[in-house]
Amino acid sequence: MSDTFITVVAIMLAAVLILVMPVMTMADRVDTVSQTDIETKTSDFVNEIKSTGKLTPEKYSKFIEELTATGNTYNVEMEFKILDENPGKKSIQTSKDKIGENVYYSIFTTQIEDVINSGKNYNLKEGDIVNVTVRNTNKTLSQTLKNFFYTVTGNDTYTISASSGGMVVSTGENNE
């Protein structure tokens with residue numbers, strides 16, 4: 001009786017492994033392909049902003065459309081560090097001939113989206129810094145399977161993310 005029970009359990013375990021392991025492997029591959037795709041799209045998006053010196057509503061909506069084409073939902077966080085040169089400000093603490101330091105101030109996603117959603121370009125100048133981070137917000141099939149079998153990932157984790165940044169090399173035109 002116990003040999004029959006062990007045989008039945010072994011057959012059921014083998015069947016589960018034969019069915020589940022390929023699904024888990026394919027789900028991991030889908031996440032890997034999405035990861036590579038998102039990294040490429042984010043890098044291209046940032047490079048275009050750096051080279052032209054501006055973010056247009058068309059560029060941003062195209063970027064969002066490309067992200068959602070992967071079948072996942074994403075949170076896009078942008079930060080533009082704007083160079084505030086203060087070229088004529090004298091420093092009190094040092095010699096009277098010294099010109100003030102260059103300072104960056106940050107503009108974040110909501111402020112950038114306010115300008116973009118009003119139909120205007122967000123113009124940057126040479127020396128500004130652009131940072132864009134993308135993270136998936138939905139649970140992928142791979143995450144769901146891993147949660148079921150391993151209980152590895154938590155609710156606040158993400159599996160697909162990309163980040164890119166750099167310095168703007170061209171001043172954007174003021175044409176709206």
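Just so it is clear, the model here is predicted, and its values are computed rather than measured.
- In summary, the side chains of Asn121 and Thr56 do not present any donor paired with an acceptor at a separation below 3.5 Å, with no hydrogens or angles considered.
- Put simply, the side chain of Lys59 reaches to within 4.5 Å of the side chain of Thr52, judged on heavy atoms.
- The closest donor-acceptor contact from the side chain of Ser170 to the backbone of Gly53 lies at 3.5 Å or more, if one exists at all.
- Residues passing the side chain to side chain donor-acceptor pair (under 3.5 Å) test with Thr32: none are found, sequence neighbours excluded.
- Lys41 contributes atom NZ, which lies 9.0 Å from atom CZ of Phe63 (distance to the nearest 0.5 angstrom).
- The side chain to side chain contact (heavy atoms under 4.5 Å, CB included) test applied to Thr109 returns Glu77, Met78, Glu113, not counting sequence neighbours.
- Inter-residue side-chain proximity for Val132 and Val130 is flagged as met; some heavy-atom pair is nearer than 4.5 Å.
- Applying the side chain to side chain donor-acceptor pair (under 3.5 Å) test to Ser163 and every residue at least two apart in sequence or in another chain returns Thr133.
- Classification of the Phe45-Tyr60 ring pair by plane angle, with boundaries at 30° and 60°, yields tilted.
- In this structure, the side chains of Asn131 and Lys81 come closer than 4.5 Å at one or more pairs of heavy atoms.
- Here the options are Asn138, Thr137, Asn136, the test is side-chain hydrogen bond (donor to acceptor under 3.5 Å, both in side chains), and the partner is Asn72; only Asn138 passes.
- Side-chain contact between Ser118 and Asp114 is absent, with no heavy-atom pair separated by less than 4.5 Å.
- Atoms OG and CD1, on Ser164 and Ile49 in that order, are 9.5 Å from each other to the nearest 0.5 Å.
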